[in-house]
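Written out below as structure tokens is the structure these notes cover.
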Amino acid sequence: MTVRFLHTADLHLGSQLKTQHRQATETVDTLNSAIYTAVERLFDTAIEEDVDFVVIAGDLYDEDSRSVKANTFLKEQFDRLADRDIPAFVSYGNHDPVGSATDYVDLPENVYEFDHEDPQEFHYPDEESPAARIWGQSYRDRHESRSMYRRFTPADERVPNIGVLHTGLNPDGRQYVPVGRSDLEGKDDIHYWALGHIHDPRIHENEQPIAYSGVPQGRQITEPGLGGGYLVELDADGDYEIEFVPTSPVVWQTVEVDVGDEDISSIPDIERRIEQKLEDFTVPTDLFDGTNVRIRDPDWGIDGYVCRWELTGNGPVHETLSNDEDALHELTRRLRDGLTSRKPFVWTEAVRNSTGPPIPSIDELRGDDRVIDEYLSLVDELDGEDAREHFRDEVGMAWESVDDHEDGRPDELPLTDDRLDELIERAQERVLEELALRRAT
């Protein structure tokens with residue numbers, strides 16, 4: 001027996017994108033409505049695909065933002081499903097726990113809300129002749145220390161069984177449903193785990209998928225790339241097909257721009273280099289490399305990008321940016337004024353200066369200075385996986401990998417392999433830069 005459903009989570013209705021866009025009159029409506037637009041696209045997809053049901057794994061609302069507007073909007077979306085006889089199975093998470101909930105409007109009868117005291121099982125389409133069972137439990141309070149999953153006990157495996165949890169997949173955490181990936185993998189009677197709480201889409205494939213759908217729309221620079229939800233086709237043998245449907249009208253990106261060339265020395269020069277970067281600007285689509293998940297090319301496109309420009313390179317522009325504290329503010333203002341008229345628009349979230357003063361190339365330095373030669377030899381010796389592990393230990397807790405966004409700072413980046421390589425490369429460049437400057441003086 002096969003069912004087809006939409007899996008989503010972390011709608012965070014009522015929140016806003018964290019941009020300073022009050023003066024961006026061309027884009028303000030798109031930015032202000034982005035979260036609602038993304039969620040509406042999810043429901044559009046469910047209706048157009050005529051799914052059997054919808055699963056929402058927590059955080060429908062954002063903390064105190066369970067407003068009349070957010071509540072009414074969500075009811076309207078559920079009403080659209082009801083018109084097509086599509087039920088929705090809903091759990092509540094740490095941002096909208098049942099214990100502090102205030103509902104301003106009643107949700108329609110096709111919405112089945114998981115209880116917050118005990119695990120609950122719903123049947124699709126009914127208990128007499130189920131084609132699927134959906135197990136879940138809502139948060140009672142802001143923090144939830146109950147494991148919950150242990151009591152998800154389907155009667156048999158003759159139909160697809162789906163488990164719904166809002167968790168960070170941290171077996172030692174006491175705030176967001178402590179459970180480990182291996183614990184869920186050990187529940188052989190659950191064919192698909194529909195998870196919420198982690199804001200980037202990710203999937204663990206083993207005997208059964210353990211899937212985070214991520215946020216439909218990123219709200220800040222730490223939620224980059226495409227947001228969306230999963231279309232899932234699942235049968236009782238554990239066979240499945242998963243398609244990721246992008247829904248975000250606005251995409252956040254951190255973009256590295258090398259401005260170290262000799263002919264770049266002024267604010268307009270930097271602007272031109274950024275505009276060149278935009279000519280081949282694309283959104284990464286390698287979200288699910290190594291998995292069986294497909295990414296859909298939806299009918300709607302991306303309306304705009306919110307970019308943080310990371311300026312890198314060693315060249316004359318470093319002096320321009322370093323000697324005048326207003327330089328970055330002026331560059332940011334000019335970029336905001338100049339790029340919002342593009343289609344899709346580009347809004348500048350911030351500009352970060354990681355440039356350095358001009359230094360000779362390595363080829364020019366090699367062989368002319370004993371200290372520099374020794375340093376370059378050391379760098380060559382440290383290149384490799386062993387060196388990466390050594391540096392990973394050395395950076396310590398400041399860059400410890402944080403899987404759960406609730407446990408990190410708003411501007412914190414996890415220590416991914418790519419980020420570690422970048423830190424190592426920058427450290428090597430800084431040392432070489434300092435050696436070269438001291439040699440020149």
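Treat the numbers as computed from the prediction; the structure is a model and nothing was measured.
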Requested in this report: Go through W252 and L17 one step at a time and tell me if the side chain to side chain contact (heavy atoms under 4.5 Å, CB included) criterion holds.
Outcome: CA-CA 10 Å; W252 295 76; L17 273 61; 4.1 Å; yes
Query raised in the report: For V164, which of V55, I190, L195 qualifies under side-chain contact (heavy atoms from CB on, under 4.5 Å)?
Result: V55
Query - Non-hydrogen side-chain atoms of E144 and Q137 separated by less than 4.5 Å - result: no
**Report entry** Rounded distance [0.5 Å steps], CG in D237 versus CZ in R158
**Finding:** 13.5 Å
**Report entry** Any donor-acceptor N or O pair under 3.5 Å, side chains H318, T355
**Finding:** yes
Query raised in the report: Looking only at heavy atoms, which two atoms of L60 and L11 are closest? And how far apart?
Result: O-CB, 3.6 Å
Query raised in the report: Is any side-chain heavy atom of W347 closer than 4.5 Å to a side-chain heavy atom of V28?
Result: no
Query - Criterion ring pair (Phe, Tyr, Trp, His ring centres under 6.0 Å) against H166, the qualifying member of Y92, F114, Y139 - result: Y139
Report summary line: Residues L81 and A46: closest non-hydrogen pair is CD2-CB, 4.1 Å
Query raised in the report: For R181, does the CZ atom sit with more than 12 other heavy atoms under 6.0 Å from it, leaving out its own atoms?
Result: yes
Report task. Drop me the distance from L331's CG to R336's CZ, to the nearest 0.5 angstrom. Result -> 10.5 Å
Query raised in the report: About how many Å separate NZ of K75 and CG of D106, when rounded to the nearest 0.5 Å?
Result: 8.0 Å
Report summary line: OG (S138) and CG (N94) are apart, to the nearest 0.5 Å, by 12.0 Å
Query - Expected output: side-chain E223 to main-chain R219 donor-acceptor under 3.5 Å - result: yes
Requested in this report: Rounded to the nearest 0.5 Å, what's the gap from CD1 on I242 to CG on N292? Could you check?
Outcome: 8.0 Å
Query - T8 (side chain) donor-acceptor with G229 (main chain) under 3.5 angstrom - result: no
**Report entry** Validation row: L231, L6 side chains within 4.5 angstrom (heavy atoms)
**Finding:** yes
Query raised in the report: Under the side chain to side chain contact (heavy atoms under 4.5 Å, CB included) criterion, do R142 and H95 qualify, and how do the steps go?
Result: CA-CA 7 Å; R142 177 71 171 79; H95 281 277; 4.1 Å; yes
**Report entry** Between S354 and E310, a side-chain donor and acceptor under 3.5 Å
**Finding:** yes
**Report entry** E325, CD atom: more than 12 neighbouring heavy atoms under 6.0 Å
**Finding:** no
Requested in this report: Work out which heavy atom in Q77 is nearest to a heavy atom in R80; give both atom names and the distance.
Outcome: OE1-NH1, 2.7 Å
Query raised in the report: Are there more than 12 heavy atoms of other residues, nucleotides or ligands under 6.0 Å from atom CG of D156?
Result: yes
Query raised in the report: CG of D289: more than 12 outside heavy atoms within 6.0 angstrom?
Result: yes
Query raised in the report: Any side-chain heavy atom of H191 within less than 4.5 Å of one from N161?
Result: yes
Query raised in the report: Pick from V351, V255, T254: which one makes a side-chain contact (heavy atoms from CB on, under 4.5 Å) with C307?
Result: V255
Query raised in the report: Would one find more than 12 heavy atoms of other residues, nucleotides or ligands at under 6.0 Å from atom CD of E207?
Result: no
Query - Distance-minimising heavy-atom pair for P87 and D52 - result: CD-O, 3.2 Å
Requested in this report: Check the pair L184, L165 against side chain to side chain contact (heavy atoms under 4.5 Å, CB included), reporting the backbone distance first and the verdict last.
Outcome: CA-CA 10 Å; L184 300 187; L165 279 179; 4.0 Å; yes
**Report entry** Side chain T167, main chain V177, donor-acceptor under 3.5 Å
**Finding:** yes
Report task. Could you walk me through whether D141 and R146 pass the salt bridge (Lys or Arg N to Asp or Glu O under 4.0 Å) test, one step at a time? Result -> CA-CA 11 Å; D141 299 303; R146 297 173 293 175; over 6 Å; no
Report task. Could you grab the distance from atom OG1 of T291 to atom NE2 of H204, nearest 0.5 Å is fine? Result -> 11.5 Å
Query - Q208 and W193, any side-chain heavy atoms less than 4.5 Å apart - result: yes
**Report entry** T348 side chain vs T332 backbone, donor-acceptor pair below 3.5 Å
**Finding:** no
Report task. Run the numbers on V159 and V3 for side chain to side chain contact (heavy atoms under 4.5 Å, CB included), then give the verdict. Result -> CA-CA 9 Å; V159 299; V3 291; over 6 Å; no
Query raised in the report: Within the side chain of D44, is there an N or O that forms a donor-acceptor pair under 3.5 Å with the backbone of I47?
Result: no
Query raised in the report: Between D261 (side chain) and I264 (backbone), is there a donor-acceptor pair under 3.5 Å?
Result: no
Query raised in the report: What's the shortest heavy-atom distance between P178 and G173, and which atoms?
Result: CB-O, 2.8 Å
Query raised in the report: Should the pair D183-K187 be classified as a salt bridge under the 4.0 Å nitrogen-to-oxygen rule?
Result: no
Query raised in the report: Around atom CD of Q276, are there more than 12 heavy atoms of other residues, nucleotides or ligands at under 6.0 Å?
Result: yes
Query raised in the report: Knowing that exactly one of F89, F122, Y112 qualifies, which makes a ring pair (Phe, Tyr, Trp, His ring centres under 6.0 Å) with F53?
Result: F89
Query - Near-ring test Y36/F73, centroid separation under 6.0 angstrom - result: yes
Query - Student check: side-chain heavy atoms of V346 and W309 closer than 4.5 Å - result: yes
Query - Side-chain touch Q217/T37, heavy atoms, less than 4.5 angstrom - result: no
Query raised in the report: Should E349 and R308 count as an ion pair when the cut-off is N to O under 4.0 Å?
Result: yes
Report summary line: The side chain to side chain donor-acceptor pair (under 3.5 Å) partners of Y305 (sequence neighbours excluded) come to none
Query - Heavy-atom closest pair, residues L234 and Y192 - result: CD2-CB, 3.7 Å
Query raised in the report: Is a donor on one side and an acceptor on the other found under 3.5 Å between the side chain of D62 and the backbone of G14?
Result: no
Query raised in the report: Are the side chain of D189 and the backbone N or O of E157 linked by a donor-acceptor pair below 3.5 Å?
Result: no
Query - Min side-chain heavy-atom separation Y124-F5 under 4.5 Å - result: no
Query raised in the report: Do K277 side-chain atoms and E256 backbone N/O form a donor-acceptor pair below 3.5 Å?
Result: yes
Query - Electrostatic pair E275-R272, nearest N-O below 4.0 angstrom - result: no
